[in-house]
Asks: 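Here it is, the structure, as structure tokens.
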Number of protein chains: 2
Amino acid sequence: MNKLFDRLKEGGLKLTPQRLAIADYLKGNTSHPTAAKIYEDLKPQYPSMSMATIYNTLSTMAEMELIQELRLHKEQIHYDPDMSHHLHFFCRHCHSVIDVPHKEGIPDFKEFEKKTTNRIDHVSVALIGVCKKCLQKKQ
Amino acid sequence: MNKLFDRLKEGGLKLTPQRLAIADYLKGNTSHPTAAKIYEDLKPQYPSMSMATIYNTLSTMAEMELIQELRLHKEQIHYDPDMSHHLHFFCRHCHSVIDVPHKEGIPDFKEFEKKTTNRIDHVSVALIGVCKKCLQKKQ
DNA sequence: TTTATAGATTATAATTGTTCTAAATTAGTA
DNA sequence: TACTAATTTAGAACAATTATAATCTATAAA
């Protein structure tokens, strides 16, 4: 039913209503929510859920590589259940995050790894700018 | 003498010893220091200087596009006086930042801008991983 | 050289997202 | 049904950065 939840189960974790709620919330979600947004949206249905649970669950999921943490700015972490390779556009004004499919691909850094013997785990590309809506408002 | 300082002057700002010290510290500096590191290193010579002055000066310089703010992780901002287009490798363990020259160039996002009418101001590419030294220590 | 003042610096308080803590609760098992 | 280790919870702690308000100073005019 929910891949995220199944993977938590496979990881030997207890299946709590809170974890199911968060997994369901994230499933297919392309809005790149923050912990605060998830908390706000789940509050009506789970009034007792605390931020700590949300952070714990998200951290666990990120460690298990089921979701990614996007550190696009210093204010807040955004979470993305889409683990396929894609880029993000980040609006400096409204802080919205938009997926950017990439065809051409990011340049290859194998040479850098070989030359320097530093190990690259992840290449993060962020397009920083101002979104359509915010551009219109400013006029 | 110091380009950074000259540009502050041209911007009509007052030329204080603190600003000169920070400009001198950053000149040709490829270590990507944080505000705390700058504070620590300037303290012996300027014992009364406060963090606020450092943050104010760095913010001003960033606004004037004399230096870049690197938000590679949520803990701290790193500052880079090198405004030429290059990438950064960030070590998740020791938080060191290493410059990565790029030849091939970042893919072009003009098409994305045209299609979506979002405006891209800056493309930030961060290579996240573990540096040579930290890899050796772990063994 | 003195004075005036807008801008800069300072110490400290406030802010804010995230992490920690310790007590209470609960999922899964015997 | 009872046990126990994992989980949740509320609230405290934390740390980098920003804001505040008083003091100071670089600069220009008198």
Side-chain angles (χ1 to χ4, degrees), chain A residues 4-23 25 32-43 45-64 67-79 90 92 95 97, chain B residues 4-23 25 32-43 45-64 67-79 90 92 95 97:
Chain A
L4 273 178
F5 198 57
D6 292 346
R7 295 286 296 278
L8 292 178
K9 202 169 161 182
E10 285 162 35
L13 297 178
K14 289 189 180 172
L15 304 182
T16 66
Q18 292 88 336
R19 283 179 173 159
L20 178 56
I22 295 168
Y25 183 90
H32 311 86
T34 61
K37 182 72 166 78
I38 297 172
Y39 177 73
E40 189 189 306
D41 289 348
L42 293 181
K43 204 168 192 179
Q45 223 181 330
Y46 299 86
S48 79
M49 183 150 41
S50 84
M51 284 297 280
T53 297
I54 292 178
Y55 277 111
N56 286 341
T57 302
L58 292 169
S59 295
T60 302
M61 286 176 173
E63 264 170 45
M64 296 174 78
I67 64 175
Q68 356 179 10
E69 297 179 329
L70 308 179
R71 298 174 185 270
L72 295 160
H73 55 142
K74 77 163 198 35
E75 280 77 23
Q76 285 173 302
I77 302 174
H78 291 257
Y79 296 88
F90 175 65
R92 297 196 266 108
H95 292 188
V97 181
Chain B
L4 272 177
F5 197 57
D6 293 345
R7 296 286 297 278
L8 292 178
K9 201 169 161 181
E10 285 163 35
L13 297 178
K14 289 188 180 172
L15 305 181
T16 66
Q18 292 88 335
R19 283 177 174 160
L20 179 55
I22 295 168
Y25 183 90
H32 311 88
T34 61
K37 183 72 168 74
I38 298 172
Y39 177 74
E40 188 190 309
D41 289 349
L42 294 181
K43 204 167 193 177
Q45 222 182 330
Y46 299 86
S48 78
M49 181 151 41
S50 82
M51 284 297 282
T53 297
I54 292 180
Y55 277 112
N56 287 341
T57 302
L58 292 170
S59 296
T60 302
M61 287 175 171
E63 262 169 46
M64 295 173 78
I67 63 174
Q68 1 177 8
E69 298 179 329
L70 307 180
R71 298 173 186 270
L72 295 161
H73 54 142
K74 76 164 200 39
E75 281 75 24
Q76 285 172 302
I77 301 173
H78 291 258
Y79 296 88
F90 175 67
R92 295 195 268 110
H95 292 186
V97 181

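Throughout, a chain's letter reflects where its sequence line sits, starting with A, and its residues are numbered from 1. Computed from heavy atoms alone, side chains included, the values below leave out hydrogens, waters and symmetry copies.
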Asks: Roughly, in whole Å, what's the span from CZ in A:Arg19 to P in D:dT9?
Replies: 11 Å

Asks: Going by the angle between their ring planes, with limits at 30° and 60°, are A:His95 and A:Phe90 parallel, tilted or perpendicular?
Replies: tilted

Asks: Rounded to whole angstroms, how far apart are CE on A:Met49 and C1' on D:dT9?
Replies: 12 Å

Asks: Scan nucleotides 27-30 of chain D against the protein and return all N/O pairs shorter than 3.5 Å with their distances rounded to 0.1 Å.
Replies:
{"unit_1": "D:dT27", "atom_1": "OP1", "unit_2": "B:Leu15", "atom_2": "N", "d": "3.2"}

Asks: Let me know, please, whether A:Ser48 or B:Gln18 comes out on the 5' side of the other along DNA chain D by nearest nucleotide.
Replies: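 Looking at the nearest nucleotide for each, A:Ser48 comes out on the 5' side.
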
Asks: Send over the distance from A:Tyr55 OH to D:dG11 C1', rounded to a whole Å.
Replies: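 Atom-to-atom, A:Tyr55 to D:dG11, this comes out as 15 Å.
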
Asks: Can you tell me if B:Arg71 has over 12 outside heavy atoms packed within less than 6.0 Å of its CZ?
Replies: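 Counting other residues, nucleotides and ligands, CZ of B:Arg71 exceeds 12 neighbours.
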
Asks: Mind calculating the distance between NZ (B:Lys37) and C1' (D:dA16) to the nearest angstrom?
Replies: 18 Å

Asks: Side-chain contact, heavy-atom cut-off 4.5 Å: A:His32 with A:Tyr79?
Replies: no

Asks: How long is the line joining CD1 of B:Ile77 and C1' of D:dT18, in whole Å?
Replies: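 To the nearest whole Å, that distance equals 11 Å.
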
Asks: What is the separation between atom CG on A:Leu58 and atom C1' on D:dT8, rounded to the nearest whole Å?
Replies: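 To the nearest whole Å, that distance equals 15 Å.
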
Asks: Are A:Leu8 and A:Leu4 packed together at the side-chain level, in the sense that at least one heavy-atom pair is separated by less than 4.5 angstrom?
Replies: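 They are not in contact (no side-chain heavy atoms under 4.5 Å apart), so the answer is no.
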
Asks: If you pin B:Thr57 and B:Glu75 to their nearest nucleotides in DNA chain C, which one's is more 5'?
Replies: B:Thr57

Asks: Considering only heavy atoms of chain A and a distance under 4.0 Å, specify the first and last nucleotide of DNA chain C in 5' to 3' order that meet this criterion.
Replies: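 Extent of the interface on DNA chain C: C:dG17 to C:dG28.
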
Asks: Once you apply a heavy-atom cut-off of 4.0 Å, does B:Met51 come out as touching a base, just sugar-phosphate, or nothing?
Replies: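 No contact at all - B:Met51 keeps every heavy atom at 4.0 Å or more from the nucleic acid.
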
Asks: Take the protein atom CG of B:Asn56 and the nucleotide atom P of D:dT25, then report the distance between them rounded to whole Å.
Replies: 17 Å

